[in-house]
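Read through the structure below, which is laid out as structure tokens, and then see the notes.
All residue numbers refer to positions in the sequence shown, counting from 1. Numbering of ligands and ligand atoms starts at 1, following listing order.
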Amino acid sequence: MNYTDLNRLGGIGANSSLYQVGSFRFVVDSGIHPKETGKASLPLLDLLNGEPPIDFVILTHCHLDHLGSLPLLLKKYPDVPVFMSLPTRMLAGRMLRNSVNVMKRQAREQSIPEYPFFSFAEVERIEHQYEALRFDTPKVLKKGKDKLEIVLYPSGHVVGAASVLVQHEDASIFITGDILFDDQLTLPGAWIPEMQVDIVVTETTRGCTQRAKGRSREEECARLYASMSETLKGGGSCLLPVFALGRLQEIMAMLHQAMKRGDIPKSAVFSAGLGLDLVDYFDDIAKDTGLVRFRRRILHELKVGEPRYPKVPGQGSMPPGIYVLSSGMMVEHTPSYQAAATLVGSERNRIHFVGYCDPDTPGGKLRSAKQGDTVSFDAYDLNVKLRSPVEVYDLSGHADREELLKLVEGMEPEAVVLTHGDTEARSWFKEHLTQHDGSCKVLDPEPGRTYEV
Ligand SMILES: [Zn+2]
Ligand SMILES: [Zn+2]
């Protein structure tokens, strides 16, 4: 197999890789970097110019670090099929339309001339290229006498997320995609084949994060509910910044269950933005495919309302309750950013982080701030003294590093390719995989370089 990592800046970044297996060439994912803007946020799609054309694309799931530049890739290849799971096909258009809106706004506010990278019309046009595959059902592709088979397996990470098995006479390859083994309320954990393969391409998100003892998913939920109860009983508000796709719906399902069981007192719940809109899609996916456990009525039963922000951020107050708002990293101008500007100034409120935050984002900065520190909300020219306790819960959407190690070792590959992780996270995997099996080749690819694996 030939492998080229197209993720321009390495790290988690704009995921995309080019594979050549036998006579087949294909691209897995075409994301955008969540922190960068303009061209720097794109994968190295230019490298595909002048190369022989690709035969197909595989989209592992709908988070934008995997999907966000797909229309640009398909501009080069307007006829190739894009294979994905059924839920992913139901969500992709909605996620990309949201991207168009965000880019249009950024074009105005930050004057980025190349935005938007694509239009609503282009998002619609590429949908005819989408081909949904059922999980655990092989798709056979033929090219002359050459034959290749792909199978998607549910990878637990978010609704529709898939791991991919590629089988060819030359090699069998297992691509984990973003993967989570824990069961969530809305989604069962990954289900993958027990088999030997030649090459594993693995995500490495949590290579630097060891799960602390006593921090299992259940224990973290219990700790979260206890803290939220204390806040709510004291008349304060809880802010949970969440990713719109997956985490928002999971938290809503958790709150619904916790209030029913009396783990947290019945309280007002506020939400807004894309994540709330995606609830309708989750409802359809649940009805049509059974591949997610979520119904729209959860929101009705929680009586979710629109947040009411003060006219001037940071001045005034917001009604007490639970605020479940995107974005997860509190990117400027998002509902979670707007709410935080007002909520963090009171010791009665608490901020509960339940997912990954890049350290350079406003969320990441707030996470590392201490009570009494001044936190800046640059978008409003606002400095606030942090009085709310800020808490972090290990409810990651990614497998623990030990679990991934076990998965890879169980497949007894001759080679492992590392993706989707920071430099140090990859180093941890490289060291531990080599320790286990000295003959296993571990590749931490340089972006843009083609390797024979
Ligand atoms: Zn993801
Ligand atoms: Zn990802």
Side-chain angles (χ1 to χ4, degrees), residues 5-17 27-36 41-43 57-70 84-85 87-89 91-92 94-96 98-99 152-164 175-182 184 186-187 189-190 192 201-209 241-251 274-275 278 281-282 285 291-292 326-329 331 354-358 361 363-364 395-401 403-404 417-423 425-426 429 447:
D5 187 354
L6 301 174
N7 177 3
R8 184 185 301 266
L9 299 168
I12 290 178
N15 287 283
S16 186
S17 7
V27 169
V28 177
D29 290 338
S30 188
I32 45 162
H33 198 295
K35 244 176 28 184
E36 303 292 329
S41 69
L42 295 176
V57 176
I58 299 172
L59 173 63
T60 63
H61 66 290
C62 274
H63 280 148
L64 290 178
D65 58 322
H66 300 259
L67 161 71
S69 62
L70 186 65
M84 61 187 81
S85 72
T88 296
R89 194 176 82 175
L91 288 162
R94 179 66 188 87
M95 294 300 286
L96 287 171
N98 189 67
S99 264
L152 304 184
Y153 293 94
S155 73
H157 168 71
V158 76
V159 59
S163 299
V164 189
I175 304 162
T176 65
D178 290 8
I179 188 166
L180 175 70
F181 295 101
D182 287 348
Q184 303 180 70
T186 53
L187 197 68
I192 48 164
V201 181
T202 183
E203 68 131 309
T204 57
T205 315
R206 283 174 63 94
C208 279
T209 326
V242 289
F243 288 115
L245 173 60
R247 189 46 57 94
L248 183 139
Q249 298 78 15
E250 174 72 13
I251 293 287
L274 171 67
L278 290 173
Y281 288 75
F282 273 58
I285 293 167
L291 290 170
V292 72
S326 57
S327 76
M329 301 200 204
V331 173
V354 291
Y356 177 77
C357 262
D358 186 287
T361 56
L395 294 170
S396 170
H398 295 270
D400 288 346
R401 55 191 192 177
E403 292 175 319
L404 272 178
V417 181
L418 307 177
T419 63
H420 202 283
D422 298 333
T423 316
R426 292 169 190 238
F429 274 97

**Asked** When you check the side-chain N and O atoms of D178 and H66, is any donor under 3.5 Å from an acceptor?
**Response** yes

**Asked** the Zn ion (ligand 1) to D65: any N/O/S contact under 2.8 Å?
**Response** no

**Message:** For a distance under 2.8 Å, tell me if H61 has an N/O/S atom near the Zn ion (ligand 1).
**Reply:** yes

**H420 and D65: side chain donor to acceptor below 3.5 Å** = yes

**Prompt:** What's the verdict on side-chain contact (heavy atoms from CB on, under 4.5 Å) for L274 and R94, showing C-alpha distance, side-chain angles and the deciding distance?
**Reply:** CA-CA 9 Å; L274 171 67; R94 179 66 188 87; 3.6 Å; yes

**Request:** Please name the atom of D178, restricted to N, O or S, that is closest to the Zn ion (ligand 1).
**Result:** OD2

**Request:** Please find out if the Zn ion (ligand 1) and some N, O or S atom of H63 are separated by less than 2.8 Å.
**Result:** yes

**Item:** Side-chain donor or acceptor of Q184 paired with backbone N/O of G156 under 3.5 Å
**Value:** yes

